[in-house]
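All remarks here apply to the structure that follows.
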2 protein chains.
Amino acid sequence: MPRSRKQPLTTPPAEVRPPAQQAENFRRSRCDRALEVAQDYVEAIADLTATLGEARVVDLARQMGVTHVTVNRTLARLKRAGFVNTKPYRAIFLTRAGHQLADECRQRHKTVVAFLHSLGISERTAELDAEGIEHHVSPETLAAFERRLKQH
Amino acid sequence: MPRSRKQPLTTPPAEVRPPAQQAENFRRSRCDRALEVAQDYVEAIADLTATLGEARVVDLARQMGVTHVTVNRTLARLKRAGFVNTKPYRAIFLTRAGHQLADECRQRHKTVVAFLHSLGISERTAELDAEGIEHHVSPETLAAFERRLKQH
DNA sequence: TTAATTTTGTAACCAAGGCTACATTTGCGT
DNA sequence: ACGCAAATGTAGCCTTGGTTACAAAATTAA
Ligand SMILES: [Mn+2]
Ligand SMILES: [Mn+2]
Ligand SMILES: [Mn+2]
Ligand SMILES: [Mn+2]
């Protein structure tokens, strides 16, 4: 067995998060984090297709701020996951599932940005923070954001 | 050269995010993501020290929902980064910098949870979402959250 | 004191997501 | 028709963060 456990010097604060439940929170957070890249990519592919007519590797690399190598390998994963269809040296197309995910993400992104903006946060900061926050907003929280937006 | 670029079929939507700026958003988001683990660990170490008297590898593993191996290697990184002091088979202690980071994170965590709760979001969901959101909340956004909380 | 159990450490593996360097393909301009 | 520059693909490297399996140390219990 290990060392005996030192007792806390001060009484523990009232807000005790049971370790098992807190572990669940972290698991959810990690799960969300694993989906961030997929969500940002399909969103970017949809955006690029809308503005440029098609999404190519080089555009995606510029948009994401990474090299084309990273884009290539990420696209391979997205293909395996069934979100995109790619053929060598051809433009990238979203599958039906990819389109659906992209629409969800675009809508959520817009909502999060608008919500932050409605709190008096600057356009730039709203965009910056939303890019990360959006991936951790549950349906319940998203609904609360929309509720507030409708109330102006 | 590559394929000629197909023109967009519909006129691009007004909200054109310049790729260079959007790339900056993604870079910030990735940067935040890289710090998530460090922040969650120092926060957990501070919590455990407060409630149990000390933070040990096994407690941290339970709290984070990972194996003790993952905890060990993460602690090695945190040590390199100057946030914790560890000795073999001994409890884990935060450095001065670690304490400072932990305090920041605990305060921000509390604020984010309280803010979500103030929107009518359930206790459980607020905790779940906050665990991820907190790492992407800039000082400006945090200030906006606090502002709203003071207004009740 | 000695044995059992828990805790801690370590070795080896994996996937994701970043990179540089180099090869191949493509399509435009001459 | 051809050559060249841009785009794309591929090989190989790195760090992070997860795992299982096994070894060693520490504390408790007998
Ligand atoms: Mn994003
Ligand atoms: Mn987005
Ligand atoms: Mn967190
Ligand atoms: Mn937290």
Side-chain angles (χ1 to χ4, degrees), chain A residues 1-6 19 23 26-41 44-45 48 52-81 83-93 132 135, chain B residues 1-6 19 23 26-41 44-45 48 52-81 83-93 132 135:
Chain A
M1 271 237 182
R3 287 179 328 295
S4 64
R5 189 180 286 285
K6 207 187 297 178
F26 286 127
R27 267 187 262 267
R28 231 286 304 270
S29 191
R30 281 197 297 273
C31 180
D32 290 343
R33 196 167 48 194
L35 303 174
E36 280 185 33
V37 173
Q39 295 178 357
D40 285 338
Y41 270 68
I45 291 168
L48 288 170
L52 301 180
E54 61 183 6
R56 302 178 311 167
V57 173
V58 67
D59 302 317
L60 220 31
R62 190 167 17 242
Q63 182 94 352
M64 307 302 297
V66 298
T67 66
H68 78 279
V69 185
T70 301
V71 169
N72 257 340
R73 277 221 327 265
T74 303
L75 287 175
R77 276 194 294 274
L78 292 181
K79 191 174 189 175
R80 259 190 295 157
F83 290 127
V84 302
N85 260 320
T86 68
K87 274 184 255 187
Y89 296 99
R90 297 279 136 222
I92 301 136
F93 294 104
H135 308 284
Chain B
M1 268 236 184
R3 286 179 330 297
S4 64
R5 187 180 289 285
K6 209 188 294 180
F26 286 126
R27 267 188 262 267
R28 230 287 303 271
S29 192
R30 282 197 297 271
C31 179
D32 289 342
R33 196 167 47 194
L35 303 174
E36 280 186 33
V37 173
Q39 295 177 358
D40 285 337
Y41 269 69
I45 291 167
L48 289 169
L52 301 180
E54 61 184 5
R56 302 177 312 167
V57 172
V58 68
D59 302 317
L60 219 32
R62 190 165 19 241
Q63 182 95 350
M64 307 303 296
V66 298
T67 65
H68 79 279
V69 185
T70 301
V71 170
N72 257 341
R73 278 217 329 259
T74 303
L75 286 175
R77 275 195 294 277
L78 293 180
K79 191 174 190 175
R80 259 190 297 156
F83 291 126
V84 303
N85 260 320
T86 68
K87 273 184 254 189
Y89 297 98
R90 297 279 135 222
I92 300 135
F93 294 104
H135 308 284

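Labels below follow one simple rule: chain letters A, B, ... track the order of the sequence lines, proteins then strands, and each chain is numbered from 1. Predicted, not measured: the structure shown is a model, and the values here were computed from it.
- Rounding to whole angstrom units, CD of residue Glu36(A) and C1' of dT16(D) are separated by 15 Å.
- Between Asp32(B) atom CG and dT16(D) atom C1' there is a gap of 16 Å when expressed in whole angstrom units.
- Counting any heavy atom pair closer than 4.0 Å across all strands shown, Arg80(B) reaches sugar-phosphate atoms only and no base atom.
- Closest of all the heavy-atom pairs between Arg62(B) and Ala23(A) is O-CB, 3.4 Å.
- Nearest approach of Arg30(A) to Gly65(B), heavy atoms of both residues: NH2-O, 3.2 Å.
- Side chain of Val57(A), nearest nucleotide from dT19(D), dT8(D), dT7(C): dT8(D).
- Regarding Met64(A), its CE atom lies at a distance of 16 Å from the C1' atom of dC19(C), rounded to whole Å.
- Close to dG18(C), at under 4.0 Å from its OP1 or OP2, lies a side-chain N or O of Arg30(B).
- Put simply, CG on Leu35(B) is 12 Å from P on dT16(D), counting in whole angstrom units.
- The structure places CZ of Arg77(A) at 8.0 Å from OH of Tyr41(A), a figure rounded to the nearest 0.5 Å.
- Contact between the side-chain N/O atoms of Arg33(A) and the OP1/OP2 oxygens of dG18(D) is found at a separation under 4.0 Å.
- For the pair Arg56(B) CZ and dA26(D) P, the interatomic distance rounds to 14 Å; values are reported in whole Å.
- Between His68(B) and dT7(C), no base-stacking contact is recorded for ring centres under 5.5 Å apart and planes less than 30° from parallel.
- The distance from atom NE2 of His135(B) to atom C1' of dG17(D) is 15 Å, rounded to the nearest whole Å.
- Between Asn72(B) and Thr74(A), the residue whose closest nucleotide on DNA chain C is further toward the 5' end is Asn72(B).
- For the pair Arg56(B) and Ile92(B), the tightest heavy-atom approach, listed with the atom from each and the gap, is C-CD1, 3.8 Å.
- Tyr89(A) places its OH atom 8 Å from the C1' atom of dT26(C), with the value rounded to the nearest Å.
- Taking atom CG of residue Leu75(B) and atom C1' of nucleotide dT16(D), one finds them 14 Å apart after rounding to whole Å.
- Phosphate proximity of dT19(D) to Thr70(B): present, with a side-chain N or O under 4.0 Å from OP1 or OP2.
- The nearest pair of heavy atoms linking Gly132(A) to Ser29(B) is CA-OG, 3.5 Å.
- Val69(B) comes within 4.0 angstrom of a nucleotide base, judged by non-hydrogen atoms across all strands.
- Between the side chain of Arg73(B) and the base of dG18(D), a donor-acceptor pair under 3.5 Å is found.
- In the set dT25(C), dT20(D), dA25(D), dT20(D) carries the atom at the smallest distance from any side-chain atom of Thr67(B).
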